[in-house]
Amino acid sequence: EMQYLGSSYAGTPCYAAPEMVSNSPAWDVRSDVYLLGATLYQIITGSPPHLGKSAFDVFKKIINEPTPELSVEYPSALRSICSCSMSKDPEERYTSVHSMLEDVRFYLTQGELTELHALATEDLQTIKSLAESEDEFSDEIEVIGGRCRFRLEEISLRWPDNRKVHFQLLECLQILTDDAVNKKRLA
């Protein structure tokens, strides 16, 4: 994967990724993901994500302030896409523009399933955190994991060639199985 080093910024400041405006600018494909996420943010809200009186003011905000997030008035799937694509940490962003566009395409073509998928993804993150906490007296993994499993199975039935959902379902089932074995809840 190629990484580019720069000595100065070239582009529209209000869309810049943090790594592009740092003291040692460097960018790669994840910077493009940020730029595309910032563009999506403006399409959704009508305003760019970063504003200021000068380019320097905008750059300071990009580096020092939290990345703006879409409000709850927007569908959670779009909030998730923008949040993932505009993460300050490039490692937390989509790995490619293509993978981001897959989620946008999913949102556009699978309408009602996008909200269900966003909820299932939130549930999966919750049970991952719970599994890592190793609270042996908690039944939350079973309850939230069951709900996550149901949501992912529903999406999988209606969109069987969605590989992302398939892998999320496998991950959910693995967490549920491990939890059942660890808590000796097998029949």
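Please read these numbers as outputs of a predicted model, since none were measured by experiment. Numbers here simply count residues along the sequence, with the first being 1.
- Summarising the hydrophobic clusters (Ile, Leu, Val, Met, Phe, Trp, Tyr; side-chain heavy atoms under 4.5 Å, direct or chained), the residues clustered with L51 are none.
- Nearest heavy-atom pair, C172 versus G145, reported as atom, atom and distance to 0.1 Å: SG-O, 3.5 Å.
- Checked against side chain to side chain donor-acceptor pair (under 3.5 Å), S96 has the following partners two or more places apart in sequence or in another chain: S99.
- N162 places a side-chain N or O within donor-acceptor distance of the main-chain N or O of V165, the cut-off being under 3.5 Å.
- Not counting sequence neighbours, the partners of E91 by the side chain to side chain donor-acceptor pair (under 3.5 Å) test are R30.
- In terms of heavy-atom proximity, S76 sits nearest to A118 at OG-CB, 3.2 Å.
- When the salt bridge (Lys or Arg N to Asp or Glu O under 4.0 Å) test is applied to E92, no partner is found at least two apart in sequence or on another chain.
- Among residue pairs with one or both ends in residues 56-67, none qualify as side-chain hydrogen bond (donor to acceptor under 3.5 Å, both in side chains); sequence neighbours excluded.
- Qualifying side chain to side chain donor-acceptor pair (under 3.5 Å) partners for D178, counting only residues two or more places apart in sequence or in other chains: Q174.
- Across all non-hydrogen atoms, the minimal contact from A131 to I175 is CB-CG2, 4.1 Å.
- For R147, the salt bridge (Lys or Arg N to Asp or Glu O under 4.0 Å) partners are D123, not counting sequence neighbours.
- Take R105 and apply the side chain to side chain donor-acceptor pair (under 3.5 Å) test, not counting sequence neighbours, and it matches E102.
- Side-chain atoms of Q168 and C148, non-hydrogen and from C-beta on, never get closer than 4.5 Å to each other.
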Please assess S47 against Q42 for the test side chain to side chain donor-acceptor pair (under 3.5 Å), listing each intermediate value before the final yes or no.
-> CA-CA 5 Å; S47 299; Q42 180 165 355; over 6 Å; no
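- A salt bridge (Lys or Arg N to Asp or Glu O under 4.0 Å) check over residues 159-177, counting only residues at least two apart or in different chains, returns the pairs D103-K164, K128-E171.
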Check the pair R149, E154 against salt bridge (charged side-chain N to carboxylate O under 4.0 Å, His left out), reporting the backbone distance first and the verdict last.
-> CA-CA 8 Å; R149 176 184 176 181; E154 179 65 23; over 6 Å; no
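- Considering only residues two or more places apart in sequence or on other chains, D32 meets the salt bridge (Lys or Arg N to Asp or Glu O under 4.0 Å) condition with none of them.
- The shortest non-hydrogen separation linking V21 to A16 is CG1-CB, 3.8 Å.
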Show your reasoning for whether side chain to side chain contact (heavy atoms under 4.5 Å, CB included) applies to D179 and I127.
-> CA-CA 10 Å; D179 183 62; I127 64 171; over 6 Å; no
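- Membership of the apolar cluster around V97 extends to V33, Y34, L36, L40, Y41, I44, L70, Y74, L78, I81, M86, Y94, M100, L101, V104, Y107, L108, as traced through chained side-chain contacts below 4.5 Å between ILVMFWY residues.
- The shortest non-hydrogen separation linking A120 to R151 is CB-CB, 3.8 Å.
- No donor-acceptor pair under 3.5 Å is formed between the side chain of S83 and the backbone N or O of R79.
- No side-chain heavy atom of S156 sits under 4.5 Å from any side-chain heavy atom of L152.
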Start with the C-alpha gap between S31 and E19, add the side-chain angles, then the distance that decides, and say whether side chain to side chain contact (heavy atoms under 4.5 Å, CB included) holds.
-> CA-CA 8 Å; S31 305; E19 65 273 13; 2.6 Å; yes
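- With rounding to the nearest 0.5 angstrom, the CD1 atom of I155 is 5.5 Å from the NE2 atom of H117.
- Residue L130 holds its CG atom at 11.0 Å from CG of D139, rounded to the nearest 0.5 Å.
- Remark: the backbone N or O of L35 is paired with a side-chain donor or acceptor of T39 at under 3.5 angstrom.
- Proximity of a side-chain donor or acceptor of R93 to a complementary backbone N or O of S87 within less than 3.5 Å is detected.
- Under the salt bridge (Lys or Arg N to Asp or Glu O under 4.0 Å) criterion, K88 pairs with no residue at all, not counting sequence neighbours.
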